Amino acid sequence: MTRLRVETDPVLCAGSGMCALLAPEVFDQDEKEGTVVLIDDRPAEERRAAVLAAAERCPAGAIRVAGAD
Amino acid sequence: MTEAPSRRPAPLPTERATPLDPPTGLAPLREHQPVSPLAHPDGTAGWLVTSNALVREVLADPRFSSRSELIHSPMRTDPPTPAPRGVFIGMDAPEHPRYRKLLTGQFTVRRIRQLTDRIEQIVEQALDATEAAGQPADLIQTFALPVPSLLICELLGVPYESHEDFERWTNVMSSAGSALADAQAAEAALTAFLAGIVADKRARPTDDVLSGVIHEGSLDDEEALGIALMLLVAGHETTSGMLGLGTLALLTHPGQLALLREDPALIDGAVEELLRYVTIAQFDVGVRAALEDVELGGRLIRAGDSVSVSFIAANRDPDVFDDPDTLDITRPPGRHVAFGHGAHACLGQQLARMELRIAFPALLRRFPGLRLAVPLAEIPIRSEMPVYGAYRLPVAW
Ligand code: HEM
């Protein structure tokens with residue numbers, strides 16, 4: 001299993017907060033605009049499920065994850 | 001398996017067997033023609049989208065516009081009109097994100113967490129009022145309506161003393177059963193009320209979302225008013241509908257209720273499941289208009305056609321949820337679309353989640369013997385309203 005690699009797109013981001021809710025160690029939100037701030041683009045193995053859930057449930061499709069399988 | 005429906009344009013299915021079952025006409029459409037021709041009451045034809053995958057596809061595709069002046073309602077006959085300035089739910093890029101970004105910073109997970117204590121207080125006060133009302137109490141009047149209503153008033157900086165007025169106005173405005181003249185009069189009254197508040201805050205800023213928006217500098221009073229109007233309407237009917245019908249769903253599923261009582265740590269998953277199962281956005285929310293010809297699920301949608309997505313049908317789609325008609329508070333949340341999807345996904349969803357996560361457990365703790373005080377069939381339901389809910393929920397304990 002390869003380690004996840006995460007990319008986010010603050011332009012697509014709708015600021016719903018799903019990622020910061022589900023994986024707060026990996027994603028944060030900008031104070032002013034609420035858009036995604038990526039804290040950790042190579043999250044540790046134990047965050048895998050949370051990061052995949054955040055990508056799946058992002059309403060704006062603003063999170064891309066490689067190495068998911 | 002269900003019988004194949006007709007391929008001619010048909011009205012939106014709204015008849016439900018029981019208040020918590022989806023309209024019975026939706027499942028056959030989802031199974032046989034998830035993009036189906038829809039007859040609008042104004043005489044135009046459009047489309048109804050019922051599968052989870054296609055609903056998400058429509059909502060993520062900028063070729064499907066949210067501009068109010070292009071959109072025909074599946075339930076109402078009043079002609080499409082442009083969104084009032086600031087009411088960005090009815091706009092596309094570039095106006096939509098410009099307005100929305102002025103607010104998203106106020107609704108982040110972190111900002112909403114800071115409201116935890118205040119939400120707990122408001123919930124406890126509402127529970128006190130419920131106890132004081134005596135049995136049977138109408139849980140909508142004592143709990144489901146005041147909690148979100150008070151909270152959105154405080155957040156916006158709108159005096160709560162006027163809540164009876166604006167709750168009545170918003171009800172008349174959005175009901176598919178209201179005469180056009182009454183709906184317009186109610187909207188005029190609400191607009192005048194909010195215009196006064198915006199003018200006050202322009203002159204004397206206070207510490208709230210509305211003052212923040214006004215003094216950020218890029219909006220005029222009319223735009224600020226539009227934003228206030230949208231947040232006030234979107235912020236109380238929705239969460240209130242969820243509190244009422246979510247409670248009803250638990251009370252009519254004693255096994256699930258017992259599970260949650262035994263293990264309150266299940267609450268986060270329970271809230272997602274209740275959002276999915278109840279799905280209060282019934283119609284007139286999630287309507288789009290094709291800006292060009294688009295092929296969708298094998299059908300050709302013509303430029304100009306209105307497309308209604310069914311959040312209800314998408315949230316009961318067996319391709320995405322095992323045993324979709326079963327309430328199971330332990331199921332993984334998956335791809336429910338109770339808060340929509342795409343660029344217009346609910347702005348207030350973290351606030352609503354926090355309210356629900358605090359309110360349901362507090363209600364169950366306060367009333368260990370909570371039960372319906374009337375048979376299910378006697379509970380009056382908002383079947384003609386875009387935002388679903390119960391008008392009254394008589395309970396005993
Ligand atoms: C359980 C409660 C709620 C539910 C189920 C809900 C549902 C939804 C849905 C389905 C949409 C998408 C509409 C579309 O795509 O056309 C939406 C949008 C919206 N909601 Fe909510 N909502 C809830 C609570 C709230 C609250 C508490 C607020 C306010 C603070 C709010 C403010 C908004 C706004 C402003 C939009 C428009 C967003 C945009 O166009 O960018 N909602 N909501």
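Throughout, protein chains are lettered first and strands after them, A, B, ... in sequence-line order, and every chain is numbered starting at 1. Keep in mind that this is a model prediction, so the values were computed, not measured.
Of the listed residues (Gln106(B), Arg113(B), His341(B)), the greatest number of heavy-atom pairs within a distance under 4.5 Å of chain A belongs to His341(B). Note: Gly342(B) leads Ala345(B), Gly334(B), Gly342(B) in heavy-atom pairs under 4.5 Å with chain A. Chain B forms more heavy-atom pairs under 4.5 Å with one residue of Ser16(A), Ala20(A), Ala60(A) than with any other, namely Ser16(A). Most heavy-atom pairs under 4.5 Å with chain A: of the set Pro332(B), Pro333(B), Ala93(B), Ala60(B), this distinction falls to Pro333(B).
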Exercise. Assess whether salt bridge (Lys or Arg N to Asp or Glu O under 4.0 Å) is satisfied between Arg100(B) and Glu33(A), documenting all intermediate values.
Key: CA-CA 9 Å; Arg100(B) 182 168 165 128; Glu33(A) 293 198 336; over 6 Å; no

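Rounded to the nearest 0.5 Å, atoms NZ (Lys101(B)) and OG1 (Thr35(A)) are 6.0 Å apart. Put simply, CG on Leu21(A) and CD on Gln349(B) are 9.0 Å apart, with the number rounded to the nearest 0.5 Å.
Residue pairs meeting the ring pair (Phe, Tyr, Trp, His ring centres under 6.0 Å) criterion with at least one member in residues 89-118 of chain B, sequence neighbours excluded, are Phe88(B)-His96(B), His96(B)-His344(B).
The local environment of CZ in Arg98(B) is crowded, with over 12 non-hydrogen atoms from other residues, nucleotides or ligands closer than 6.0 Å.
Counting heavy atoms from C-beta on, the side chains of Lys32(A) and Thr104(B) never come closer than 4.5 Å. A 4.5 Å side-chain heavy-atom check between Arg335(B) and Arg57(A) finds every atom pair outside the cut-off.
Salt-bridge check for Glu31(A) with Arg111(B): failed, with every basic side-chain N at 4.0 Å or more from each acidic carboxylate O.
Only the side chain of Glu272(B) comes within contact range of chain A, judged by heavy atoms closer than 4.5 Å. Looking at Ala343(B), the atoms closer than 4.5 Å to chain A (heavy atoms on both sides) all sit in the backbone: N, CA, C or O.
In plain terms, the two heavy atoms of Gln29(A) and Val109(B) that are nearest each other are OE1-N, 2.8 Å.
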